[in-house]
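Lettering follows sequence order; numbering is per chain, from 1. What you are looking at is a predicted structure, and each value in this text was computed from that prediction instead of being measured.
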There are 2 protein chains.
Amino acid sequence: MTEDMKRHEECYMKEHCLKYDVCPMTLVQKILSGKWKILILWYLSYKKLRFTEIKKKLPNVTQKMVTQQLRSLEEDKLIYRKVFPVVPPKVEYGLTELGKRIVPILEMMHKFGAEYLEDSFDTSTSEDPLE
Amino acid sequence: MTEDMKRHEECYMKEHCLKYDVCPMTLVQKILSGKWKILILWYLSYKKLRFTEIKKKLPNVTQKMVTQQLRSLEEDKLIYRKVFPVVPPKVEYGLTELGKRIVPILEMMHKFGAEYLEDSFDTSTSEDPLE
DNA sequence: CTGAATCCCTCGCGATACTG
DNA sequence: CAGTATCGCGAGGGATTCAG
């Protein structure tokens with residue numbers, strides 16, 4: 001692989017992304033990829049939560065996945081993890097300043113999703129591609 | 001599984017989502033899940049593109065994946081597919097009205113990603129945010 | 001040029017059990 | 001309560017070939 005190919009390996013968006021070494025869109029895609037990431041961030045956007053509280057909000061999800069997604073979000077500096085040295089253990093999760101900046105995106109996602117559901121496809125879904 | 005459990009299978013967000021049968025956030029998560037979805041939408045937000053043009057912008061991606069992701073986006077009504085009955089074949093992809101509504105989200109993602117990169121973790125953080 | 005069809009393999013995710 | 005440790009499956013994704 002040539003050096004030039006390497007430079008474009010992650011981002012070939014000449015029009016919009018050439019100024020960055022890593023494509024911002026690809027970065028966001030990676031950060032948010034994961035079945036429960038945006039849900040967790042969405043929950044935490046309202047208030048700090050304990051591990052069990054998060055898990056309770058995610059039915060049909062194993063403890064392992066919750067931990068895994070939380071760790072990933074923590075690595076990417078979107079959330080913090082605060083351990084209280086008490087018995088029984090208490091761990092609190094919340095958004096970092098960086099993580100808070102993603103909240104508006106989540107809100108727009110929610111709005112889009114809600115509209116998507118309401119806009120119903122009952123109108124025969126007749127999209128007109130032809131100008 | 002009880003009926004009640006089933007109702008909450010996809011969305012347990014009592015605080016924000018109980019009014020919908022399907023959680024809007026989960027919906028968006030599903031619609032946008034896929035390694036190249038948001039990149040493709042991002043490209044198309046600027047202009048309609050032919051199949052090959054899209055593929056060219058996604059290095060190290062197989063034809064199969066491009067087709068697959070495009071099909072998925074088309075099923076979700078975010079993009080349209082227009083076939084020109086010519087030889088050689090010509091197929092054009094573009095955003096639907098529904099798809100255009102997601103553009104602001106993409107723009108915010110890009111902004112977030114760019115800031116994330118620039119906000120540098122060089123301040124005491126020796127960790128690479130990517131990988 | 002666009003895309004379908006196979007084969008194949010990684011890895012995301014789930015289920016279960018164990019620990020401080 | 002809040003985790004680790006293992007095992008294993010299935011889907012997502014890659015490489016290649018064939019077709020209209």
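Side-chain proximity of A:M65 to the nucleotides C:dG14, C:dG3, D:dG3 is greatest for C:dG14. Here the nucleotide nearest the side chain of B:Q63, chosen from D:dA2, C:dA4, D:dG14, is C:dA4. Comparing D:dG20, D:dG14, C:dG20 against the side chain of B:W36 picks out D:dG14 as the nearest. Taking only side-chain atoms of A:K64, from C-beta outward, the nucleotide of C:dC13, C:dT6, C:dG3 with the closest atom is C:dC13. Minimum atom distance to the side chain of A:R50 is reached by D:dC1, of the listed C:dG3, C:dC1, D:dC1.
Spacing between atom CD of B:Q68 and atom C1' of D:dA11 amounts to 10 Å, rounded to whole angstrom units. Atom CZ in A:F84 sits roughly 12 Å away from atom P in D:dG3 (whole-Å rounding). The separation between A:R71 atom CZ and C:dG12 atom C1' is 18 Å, rounded to whole Å. Atom CD in A:Q29 sits about 14 Å away from atom P in D:dG12, given to the nearest Å. The separation between A:Q69 atom CD and C:dC13 atom C1' is 9 Å, rounded to whole Å. For the pair A:L58 CG and D:dA2 P, the interatomic distance rounds to 14 Å; values are reported in whole Å. B:K35 has its NZ atom 14 Å from the P atom of C:dT10, to the nearest Å. For the pair B:K37 NZ and D:dG12 C1', the computed distance is 11 Å after rounding to whole Å.
Contact of the B:V66 side chain with the B:L70 side chain is registered, since non-hydrogen atoms from C-beta on lie closer than 4.5 Å. Here the side chains of A:V28 and B:Y116 are not in contact, with every heavy-atom distance at 4.5 Å or above. Looking at heavy atoms from C-beta onward, B:Y93 lies out of side-chain contact with B:L73 at the 4.5 angstrom threshold.
Nearer the 5' end of DNA chain C, as judged by each residue's closest nucleotide, is the contact made by B:L70, out of B:L70 and A:S33.
Scored by the side chain to side chain contact (heavy atoms under 4.5 Å, CB included) test, A:V86 finds A:F84, A:K90 as partners (sequence neighbours excluded).
Using a 4.0 Å heavy-atom distance criterion, A:P89 is classed as a base contact. At a threshold of 4.0 angstrom between heavy atoms, the contacts of A:E53 with the nucleic acid are absent.
A sub-4.0 Å separation between OP1 or OP2 of D:dG3 and a side-chain N or O of A:R81 is present. Dashed line: the shortest gap from a side-chain N or O of A:Y93 to OP1 or OP2 of D:dC1 is not under 4.0 Å.
Salt-bridge formation is not detected for the pair B:E97/B:R101: no Lys NZ or Arg NE/NH1/NH2 atom is positioned less than 4.0 Å from an Asp or Glu carboxylate oxygen.
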